[in-house]
Structures are given as structure tokens and as C-alpha cells.
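As C-alpha cells, the structure follows; a few thoughts come after it.
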Amino acid sequence: MTLIVGLTGGIASGKSTVSNMLKEMKITVIDADVEARLAVQNGEPAYIKIVAEFGREILLPNGEIDRPKLGSIIFHQEEKRQLLNQIVHPEVRRQMNEKIDQAKNANEEVIVLDIPLLFESKLTFMVEKTILVYVDEETQLKRLMERNNLSPADAKARINSQMPLTEKVSLSDAIIDNNGTMEETKNQLMKTLADWGIQ
């Protein structure tokens, strides 16, 4: 039996760090953000729908979607964000399910689905266990401003567009506190996997 684990967090919580640790352990990680980027490439069904809804002004000169430009629209307009999600999410799920099937056919012990909006998008039905990468609000804001070179207001808008990490705690099977060192984070990850019988 293959165990399917959902890995989630919040923006700038360190979820990618934990995801990379899992990859180093040769565990298959299917990343929803990567699949979303593939789904909106020029000519894909989701790309065609996005251009029809948002107009050609969201495109770069080479025809690709200008992600920062689209992001600045959806982070400040809830109905536009929902519209984009309705276009992209079904395509992303379809692609992820194909990769899950491939990994299951290869008899892999564990598959990790790296899904930032696991709870917001109500995708927990896709997984059997959930891991939350958690940081406190102050750390999250500081890391996001440094990482993306954002003002406090822009960083807060992005954080507020997601469910607060404090609310995700009670929904998760395991919590990795990422306020400390990389080593502390890795030790918590190893313990969680061991608790679930994954070597």
C-alpha cells in the first residue's frame, strides 16, 4: 500500500525547504505549484481560458502569462482569484492524479503532494495524512518581505489571502515547527515519518 501525504504550509513558512528534504530522501514529491505552471503554459486549455477571461494585457511579449501582473490582480480582488482557481485547479488535479497513478504503479511506499492551499481548496480527500510546516506570523511576514522584496502592506495582503497558519494546526495530522534551525526542522520531519512507519 502506498501512503499519500499532503504537505502544506503558508507563504514563506518553509514548505519548500521540507519538500526538498523529502526529495533528498528519494521520496516522490508532486508539487502543485509546478503542475500549475505547466497547466498555464502557452496553448494549454487553462492558458486559453485565462487569456479569454483576463485579456491579452496579462501576457508578456513572448506570449507567456506575466505571473506577477496576474498575481497583482488576483491578490487584491477575491472574485478574480476565485475565477482563476476555477480555471487552473481542475487541470492541476488531473495532472497530479496521473503522476500519483505512475508512482503507485511503481509500488512506491510514500507519495507526497506538495499543496500550498490544501485546506483552502478542500483537497484533503486526495491524501491520507497531512503535514503542516508552521512558523509564527512575525517570522512569516519578515521572511516574505525579504524573499520577495515586498512592502509590509503587500506581504500582509499575500499572507491574508490564505487561511491563517494557526487555523491549519488543528486540521493537520503532524506539525513541523520551522521557527528554528534547518536541523531542528529535519529532525521533526524524520520523527513524523518514523511515527507513520516510513523508513
Side-chain angles (χ1 to χ4, degrees), residues 1-11 13-54 58 64-65 67 70-71 74-75 78-134 161-163 165 167-176 189 192-193 195-199:
M1 276 297 289
T2 305
L3 177 68
I4 301 181
V5 175
L7 175 68
T8 195
I11 192 164
S13 68
K15 181 180 56 58
S16 301
T17 302
V18 174
S19 182
N20 288 332
M21 288 174 182
L22 290 159
K23 288 175 195 164
E24 283 166 14
M25 293 158 64
K26 302 287 185 276
I27 288 173
T28 293
V29 176
I30 303 170
D31 186 330
D33 279 349
V34 171
E35 298 305 323
R37 276 197 285 276
L38 295 173
V40 299
Q41 282 183 329
N42 198 337
E44 293 290 330
Y47 171 94
I48 294 161
K49 287 180 194 163
I50 291 166
V51 175
E53 292 288 353
F54 289 87
I58 60 146
E64 293 294 331
I65 290 170
R67 292 173 69 87
L70 185 58
I74 64 160
F75 279 119
E78 176 65 26
E79 70 283 0
K80 295 276 191 195
R81 186 163 82 240
Q82 287 181 351
L83 174 64
L84 182 68
N85 288 344
Q86 283 161 9
I87 296 170
V88 176
H89 287 176
E91 282 298 309
V92 172
R93 277 202 295 278
R94 185 184 59 74
Q95 290 171 190
M96 290 182 85
N97 281 324
E98 281 177 13
K99 294 193 169 164
I100 290 167
D101 289 343
Q102 287 167 9
K104 280 183 170 175
N105 292 337
N107 294 319
E108 293 189 23
E109 185 187 14
V110 61
I111 305 164
V112 174
L113 306 187
D114 180 337
I115 307 179
L117 302 178
L118 181 69
F119 299 118
E120 291 93 329
S121 302
K122 301 184 170 46
L123 294 178
T124 48
F125 69 89
M126 292 180 75
V127 303
E128 293 151 82
K129 295 275 191 191
T130 53
I131 297 176
L132 172 68
V133 183
Y134 178 86
S161 74
Q162 299 181 346
M163 184 191 293
L165 285 172
E167 283 180 33
K168 294 183 182 185
V169 168
S170 60
L171 302 170
S172 306
D173 295 307
I175 318 292
I176 292 177
L189 175 62
T192 297
L193 295 176
D195 287 348
W196 293 345
I198 300 159
Q199 299 309 318

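Note: hydrogens, waters and symmetry copies are ignored here, and every other heavy atom, side chains too, is used. Counting begins at 1 with the first residue of the sequence. Note that the structure is a prediction, hence the values are computed from the model and not measured.
- Counting only distance, with no hydrogens or angles, the side chain of S13 and the backbone of G9 share no donor-acceptor pair below 3.5 Å.
- With sequence neighbours excluded, no residue forms a side-chain contact (heavy atoms from CB on, under 4.5 Å) with I48.
- A salt bridge links E35 with K99: at least one charged nitrogen is closer than 4.0 Å to a carboxylate oxygen.
- Between E120 and K168 there is a salt bridge, since at least one side-chain N of the basic residue sits less than 4.0 Å from a carboxylate O of the acidic one.
- With contacts defined as side-chain heavy-atom distances shorter than 4.5 Å, the pair M126/I4 does not qualify.
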*For L171 and T130, what are the C-alpha separation, side-chain angles and deciding distance, and is it a side-chain contact (heavy atoms from CB on, under 4.5 Å)?*
CA-CA 8 Å; L171 302 170; T130 53; over 6 Å; no
*Going through the checks in order, is the side-chain contact (heavy atoms from CB on, under 4.5 Å) test met by K129 and T192?*
CA-CA 11 Å; K129 295 275 191 191; T192 297; over 6 Å; no
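- The environment of K23 atom NZ is dense: over 12 non-hydrogen atoms of other residues, nucleotides or ligands sit within 6.0 angstrom.
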*Decide yes or no on side-chain contact (heavy atoms from CB on, under 4.5 Å) for I30 and I100, but give the supporting numbers first.*
CA-CA 8 Å; I30 303 170; I100 290 167; 3.8 Å; yes
*Decide side-chain hydrogen bond (donor to acceptor under 3.5 Å, both in side chains) for T28 and E108; before the verdict, give the C-alpha distance in whole Å, the side-chain angles of both, and the deciding distance to 0.1 Å.*
CA-CA 8 Å; T28 293; E108 293 189 23; 2.3 Å; yes
*Where do I50 and V40 land on the side-chain contact (heavy atoms from CB on, under 4.5 Å) test, with the steps shown first?*
CA-CA 8 Å; I50 291 166; V40 299; 3.5 Å; yes
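- Cation-pi contact between K80 and F54: present, with separation from the ring centre below 6.0 Å and deviation from the ring axis of at most 45°.
- Judged as a side-chain hydrogen bond (donor to acceptor under 3.5 Å, both in side chains), and not counting sequence neighbours, the contacts of Q82 are E78.
- When D31, D33, D114, T8 are each tested for a side-chain hydrogen bond (donor to acceptor under 3.5 Å, both in side chains) with K15, only one passes: D114.
- Taking all atoms of both residues into account, the shortest heavy-atom contact from E109 to G197 is OE2-O, 3.5 Å.
- For the atom pair S172 OG and I131 CD1, the distance stands at 9.5 Å (nearest 0.5 Å).
- For the side-chain hydrogen bond (donor to acceptor under 3.5 Å, both in side chains) test, no residue two or more places apart in sequence or in another chain qualifies with E79.
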